[in-house]
Amino acid sequence: MFGVLAAVLSAQSSSAATMKPQPQFIDRVTETGTQNLSFGRGSAMVDLDGDGLLDIITGNAKGLNLILRQNPDHTFTQVNQAWGFGTEEDLTWGTIVADFDNDGDPDILFVNGNAGGFPDIDPCRLYRNDLSTSGIFTDVTAASGDLAIPSSNFGGTTLDYDNDGDLDVFLSSKNDENPCRLLRNDGNLTFTDVGTQAGITHLSVFRHCSTGDFDNDGWMDIAVGSLSNASRLYRNNQDGTFTDVAASLGVDSPRYNFGMILEDFNNDGWQDIYMPKWQLNPEVPSPLFLNNGDGTFTDVTVGSGMTGQTDMGHNTGDIDLDGFPDIFIGTGHPNVKDFDVIKLVRPTPSGGLMSLDVGESAGFHALGKTRSHGAAFGDINRDGYNDVYVNNGGPAFVPSSWQENSLFISDGNANNWIQVEPIGVISNKSAVGVRMMALTGDDVKVFRLNTVGRGFCNTDSPIAHFGLGPANRIKDFFMRWPSGIEQTYLDLPTLEAHKIYETGFTWSGTPAVGATINLEAFGVPSGTVTLFHSDVAGVTRDRAQGGTVRMGGTITFETPFALGADGKVSTTFTIPNDPNLSGKTLYLQAKVEDSSGVHPLTLTHNVELVIP
């Protein structure tokens with residue numbers, strides 16, 4: 001369903017492209033206790049201890065990476081020692097926070113490596129989240145296989161490239177003698193480097209990277225920027241290998257690239273490309289490429305209002321809640337500070353993109369000129385608006401480049417919103433790769449693809465943020481998981497945050513009158529599943545049930561059964577012993593309810609059992 005929808009989406013209306021009033025952002029770093037004087041690098045904004053509040057992690061190049069736990073009053077406390085972190089001062093480039101062992105809590109991967117000015121190479125560090133058992137994070141780097149091998153890493157991201165249900169790691173190499181690395185997750189927090197056999201063999205002075213699904217085939221692709229020559233867009237071949245298609249699609253934009261982000265800027269269901277260019281004497285603006293949805297891209301940089309500067313830190317997120325992602329550009333140089341650039345990005349009525357720099361007017365220049373690197377997005381104070389944590393600072397071999405960071409809190413605006421935290425059950429628990437679309441009451445579509453590790457190797461809040469502009473209703477909310485499972489919700493309430501579990505069932509066996517088939521059902525932990533079926537085709541939008549009933553005629557409901565504490569259960573379904581079913585199709589669907597009432601009622605996809 002999702003691929004078909006994306007292929008036939010109409011252009012957004014010109015009224016939806018109108019610039020909306022922007023919020024003001026106020027630096028609350030001092031009041032919240034999140035100040036840190038450091039050589040700032042990629043950061044994270046994730047709830048580490050499951051208390052419902054986003055915590056902050058600050059990456060630091062040759063300094064101490066800080067773990068800041070949020071308190072109920074929205075102040076923060078450093079918990080490095082309390083939570084078992086060491087005192088290592090690694091050359092950290094970025095922070096990836098995701099559930100690498102699929103046990104229900106986020107682990108931490110610090111992407112370490114080397115750079116000019118440093119003779120040594122620091123290995124990455126992987127910390128397993130054991131807060132629920134021993135109260136600390138455990139350094140499991142030594143047992144992590146090839147992940148523990150020191151390498152010339154610069155950037156990093158995570159994806160489930162083989163759709164086996166656990167998260168793999170991609171590390172970009174800054175040394176043109178070594179290719180980037182693709183580390184397959186073998187389970188139990190061990191990784192094997194499969195980059196060469198996967199086709200990740202190019203040499204370059206690479207910088208940062210990101211993941212996405214630019215061709216909407218349900219398999220995650222990889223984008224990586226090059227400082228020295230061509231950037232790479234690795235298309236997932238669905239067989240464990242990748243093909244670089246950047247040059248053939250005209251998006252390789254050689255030289256000066258400090259990263260490459262896949263983002264749907266115009267909300268047409270296809271991911272576009274932003275490439276930050278780091279230039280001492282800006283020669284060209286940082287480019288934007290629009291995905292045409294037919295396997296090609298159009299360069300819309302000229303005329304879009306994009307500019308050239310020393311792009312170094314970078315990320316994207318909707319700062320004004322109009323539904324369209326914006327661009328945060330952190331500037332940086334070892335010896336020169338500059339003002340950060342924040343581009344509001346909108347589609348134009350003619351089908352292009354336009355951008356407007358609101359860095360000063362929105363309050364992001366509070367510290368003056370900076371050397372800005374890490375920037376993580378999320379709703380820190382749970383008021384419905386995206387806030388931005390910015391990690392500033394230059395290289396450690398220039399001691400005077402130490403700088404204080406910022407926590408920019410949005411004062412909001414009149415636009416509406418909805419937040420969704422997706423949780424995988426048979427897909428990876430962090431739900432990396434899930435595609436989501438909110439269809440508003442005025443038929444505007446807002447798309448999000450869940451990723452971890454983007455921009456200057458940041459981790460944004462795992463709670464997806466949908467700005468809705470003036471719309472105050474969600475007619476339909478669609479989700480397609482990496483497993484292929486699809487979910488649809490009707491009238492999902494706005495101005496609320498929803499936690500949604502991957503929900504559905506798979507089956508095996510041979511359908512026949514009176515035969516029993518095997519089912520694997522999944523959804524919210526300890527939820528209740530009720531199967532129902534009919535031999536009549538039909539589609540009914542049942543708002544009382546929160547979804548679409550995909551059958552008609554007389555519907556028979558089976559006896560409910562419970563999911564386990566892990567959200568899964570194996571069971572059976574016996575096809576009615578009715579000779580009238582012979583030669584027909586039996587339509588089978590389920591509804592899954594959370595006994596606590598916290599999570600929304602979910603109607604699953606349906607299956608069609610052809611009865612001989």
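- Side-chain contact between Leu288 and Ile327 is present, with heavy atoms from C-beta onward closer than 4.5 Å.
- Donor-acceptor pairing under 3.5 Å is lacking for the side chains of Gln309 and Thr331.
- Residue pairs meeting the ring-ring contact (aromatic ring centres under 6.0 Å, His included) criterion with at least one partner in residues 199-230, sequence neighbours excluded, are Phe154-His208, His202-Tyr234, His208-Phe456.
- By the salt bridge (charged side-chain N to carboxylate O under 4.0 Å, His left out) test, Asp101 pairs with no residue at all, sequence neighbours left out.
- Residues Asn60 and Thr92 have side chains not in contact (no heavy-atom distance under 4.5 Å, counting atoms from C-beta outward).
- Residues satisfying the side-chain hydrogen bond (donor to acceptor under 3.5 Å, both in side chains) test with Tyr256, not counting sequence neighbours, are Glu283.
- Of the inter-residue distances, the one linking Met312 atom CE with Asp338 atom CG reads 11.5 Å to the nearest 0.5 angstrom.
- For Asp340, there are no salt bridge (charged side-chain N to carboxylate O under 4.0 Å, His left out) partners two or more places apart in sequence or in a different chain.
- At least one test fails for Arg235 against the ring of Phe242: distance under 6.0 Å to the centre or angle within 45° of the axis.
- A side-chain donor from one of Asn257 and Ser231 sits under 3.5 Å from a side-chain acceptor of the other.
- Residues Leu290 and Leu353 are in side-chain contact: their nearest non-hydrogen atoms beyond the backbone lie under 4.5 Å apart.
- Of the options Val169, Asp166, Asn129, Ile108, a side-chain contact (heavy atoms from CB on, under 4.5 Å) to Phe100 is made by Val169 and by none of the others.
- Residue pairs meeting the salt bridge (charged side-chain N to carboxylate O under 4.0 Å, His left out) criterion with at least one member in residues 239-251, sequence neighbours excluded: Arg232-Asp244.
- Side-chain contact between Ile149 and Leu147 is absent, with no heavy atoms from C-beta onward closer than 4.5 Å.
- Applying the salt bridge (charged side-chain N to carboxylate O under 4.0 Å, His left out) test to every pair with at least one member in residues 182-205, sequence neighbours left out, gives these pairs: Arg181-Asp193, Arg184-Asp186.
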